[in-house]
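FYI, side chains are in, hydrogens and waters are out, and symmetry mates aren't considered; it's all heavy atoms of this structure. It should be emphasised that the depicted structure is a prediction, and the values quoted were computed from it without experimental measurement.
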Amino acid sequence: MGRAAVLLLALLPLAAAAEPAPQRQQQLVRMVRQDCGACHGMRLTGGLGPALTPAALADKPLESMVATIVHGRPGTPMPPWRAMLSEPEARWIAQRLAAGFPEEAKAPR
């Protein structure tokens with residue numbers, strides 16, 4: 001087996017860990033829509049906090065968005081979410097925000 005193949009096999013667990021399980025994704029969508037929406041607007045178009053739309057985030061580096069989610073913004077109302085989120089989950093949220101955040105799934109009736 002070549003070096004590249006060994007490296008790819010070694011990185012597979014990291015790639016899998018970066019994508020939350022589908023049930024956790026639903027929880028994260030609900031958290032962003034409800035908890036983040038309290039300040040950023042229920043449609044994420046802004047409120048006490050800035051808009052979290054793709055247009056508003058277009059010039060923001062992904063790493064900066066992840067750091068803001070994980071560590072908050074000292075001196076502002078933006079709290080750190082590291083107690084409730086892993087860094088891979090924060091990255092997943094930041095990626096979805098940059099692409100257009102999904103709507104919360106409706107409960108079956």
Side-chain angles (χ1 to χ4, degrees):
M1 187 178 290
R3 277 188 188 178
V6 171
L7 181 59
L8 285 174
L9 287 174
L11 293 175
L12 278 177
L14 294 175
E19 184 81 7
Q23 183 176 4
R24 181 61 175 156
Q25 288 178 17
Q26 290 176 2
Q27 293 169 344
L28 294 172
V29 168
R30 180 168 177 75
M31 185 185 77
V32 170
R33 288 287 177 189
Q34 298 299 314
D35 296 328
C36 302
C39 288
H40 293 279
M42 297 309 287
R43 306 283 310 146
L44 305 177
T45 55
L48 173 64
L52 299 177
T53 61
L57 299 172
D59 64 338
K60 307 289 188 267
L62 182 67
E63 293 305 318
S64 176
M65 294 184 342
V66 172
T68 296
I69 294 167
V70 172
H71 303 292
R73 292 228 173 212
T76 75
M78 177 63 188
W81 288 91
R82 68 179 164 263
M84 299 182 77
L85 296 171
S86 67
E87 191 162 324
E89 290 171 337
R91 179 174 310 285
W92 183 87
I93 290 169
Q95 290 169 332
R96 295 309 166 288
L97 287 170
F101 206 76
E103 293 294 329
E104 192 173 345
K106 301 292 183 206
R109 294 180 187 222

Contacts of Arg82 that satisfy side chain to side chain contact (heavy atoms under 4.5 Å, CB included) - sequence neighbours left out | Val70, His71, Pro80

Heavy-atom closest pair (Thr53 atom, Leu44 atom, distance to 0.1 Å) is CG2-O, 3.5 Å

May I ask you to decide whether Glu19 forms a salt bridge with Arg96, counting only side-chain N to carboxylate O separations under 4.0 Å?
-> yes

Going by heavy atoms in the side chains, are Phe101 and Leu52 under 4.5 Å from each other?
-> no

Minimum heavy-atom distance Met31-Ile93, with the two atoms named = CE-CD1, 4.1 Å

Is atom CE of Met42 surrounded by more than 12 heavy atoms (other residues, nucleotides or ligands) closer than 6.0 Å?
-> yes

For residues 41-51, pull every pair meeting salt bridge (charged side-chain N to carboxylate O under 4.0 Å, His left out), keeping only residues two or more places apart or in separate chains.
-> Arg43-Glu103

Closest approach of Ala98 and Met65, non-hydrogen atoms and distance?
-> CB-CE, 4.1 Å

Shared ILVMFWY cluster between Leu97 and Leu62, side chains joined below 4.5 angstrom?
-> yes

Partner set under salt bridge (Lys or Arg N to Asp or Glu O under 4.0 Å) for Glu63, not counting sequence neighbours = Arg91

Just checking, any donor-acceptor pair under 3.5 angstrom between side chains of Arg30 and Gln27?
-> no

Distance-minimising heavy-atom pair for Ala99 and Pro54 = C-CG, 3.8 Å

Does Ile69 reach the side chain of Glu87, with side-chain heavy atoms less than 4.5 Å apart?
-> no

Could you give me the CA-CA distance, side-chain angles and deciding distance for Arg24 and Trp92, then say whether side chain to side chain contact (heavy atoms under 4.5 Å, CB included) is met?
-> CA-CA 11 Å; Arg24 181 61 175 156; Trp92 183 87; over 6 Å; no

Determine all donor-acceptor pairs shorter than 3.5 Å in which one atom belongs to a side chain in residues 34-41; sequence neighbours excluded.
residue, atom, partner, partner atom, Å
Gln34, NE2, Glu104, OE1, 3.1
His40, ND1, Pro50, O, 2.7

Closest heavy-atom contact between Leu57 and Ala51?
-> CD2-O, 4.4 Å

Considering residues at least two apart in sequence or located in another chain, which fulfil the side chain to side chain donor-acceptor pair (under 3.5 Å) criterion with Thr68?
-> Arg73

